[in-house]
Amino acid sequence: GAVVSQHPSRVICKSGTSVKIECRSLDFQATTMFWYRQFPKQSLMLMATSNEGSKATYEQGVEKDKFLINHASLTLSTLTVTSAHPEDSSFYICSAGTGSNQPQHFGDGTRLSIL
Amino acid sequence: SQQGEEDPQALSIQEGENATMNCSYKTSINNLQWYRQNSGRGLVHLILIRSNEREKHSGRLRVTLDTSKKSSSLLITASRAADTASYFCAPPYSGAGSYQLTFGKGTKLSVIP
């Protein structure tokens with residue numbers, strides 16, 4: 001089956017640090033990748049949609065300068081949380097899709113803790 | 001955008017019993033997808049049912065879809081402790097040049113051994 005690899009699985013760092021999270025589709029080419037954030041006991045919130053070779057589309061309320069997304073190839077998208085602060089601490093999950101009538105395949109998530 | 005709304009929000013059953021979760025949505029769809037999330041993990045795709053299908057099976061899972069009522073149900077038969085997880089339905093919608101998924105609060109299923 002389709003596998004999405006997300007790294008790192010856990011990050012603990014100091015306030016002000018920038019953190020990069022990678023999302024790779026291992027055995028398929030993803031036309032679109034998605035980034036979600038999930039707070040404890042909450043549902044997933046879509047942050048942005050990323051198509052290969054084009055700028056990401058951010059959901060309302062998500063700061064594009066804060067959450068930089070790069071989708072350089074059909075198998076790799078990265079999310080960089082710039083100058084992270086404690087309120088950015090959350091569980092970040094990526095997914096990859098291949099079309100409207102196909103499921104999305106999710107990574108295992110990255111737990112980000114900013115001290 | 002639209003999201004599925006799952007009901008109940010929490011469900012606790014004994015191992016071996018069946019679990020039924022319901023989903024409602026608001027606008028027309030091409031398909032509806034069900035996902036499972038174990039605590040602290042990403043989501044796992046369970047079943048995709050297309051708008052022209054009424055029922056679909058996968059192992060112990062059975063999904064129904066009633067487009068006239070804009071509702072779907074997920075039945076897990078002979079539940080196991082390993083089925084303990086949160087379950088989400090997701091009707092894709094068109095946005096940002098692709099089809100996006102928006103998730104509701106899900107149904108948190110606890111299967112007691």
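Numbers restart at 1 for each chain; the letters A, B, ... are given by sequence-line order, proteins then strands. Hydrogens, waters and symmetry mates play no part in the numbers below; they use all other heavy atoms, side chains included. The shown structure was predicted, so the numbers you read here are calculated from the model rather than taken from an experiment.
Checked against the 6.0 Å centroid threshold, Phe106(A) and His45(B) do not count as a close aromatic pair. The ring of Phe103(B) has its center closer than 6.0 angstrom to the ring center of Tyr36(A).
With Glu22(A) as the partner, the side chain to side chain contact (heavy atoms under 4.5 Å, CB included) test is satisfied by one option alone out of Thr110(A), Asn70(A), Thr80(A), Leu76(A): Leu76(A).
For chain B, the nearby parts of Leu44(A) are the backbone and the side chain; heavy atoms of each come within less than 4.5 Å.
The candidate from Ile47(B), Leu43(B), Leu48(B), Asn38(B) with the greatest count of non-hydrogen atom pairs under 4.5 Å with chain A is Leu43(B). With respect to chain A, the highest number of heavy-atom pairs below 4.5 Å among Gly106(B), Ser86(B), Ser39(B), Gly104(B) belongs to Gly104(B). Contact count versus chain B (heavy atoms, under 4.5 Å) is highest, among Gln38(A), Met45(A), Gln6(A), for Gln38(A).
In plain terms, the two heavy atoms of Ala72(A) and Glu52(A) that are nearest each other are O-OE2, 3.8 Å.
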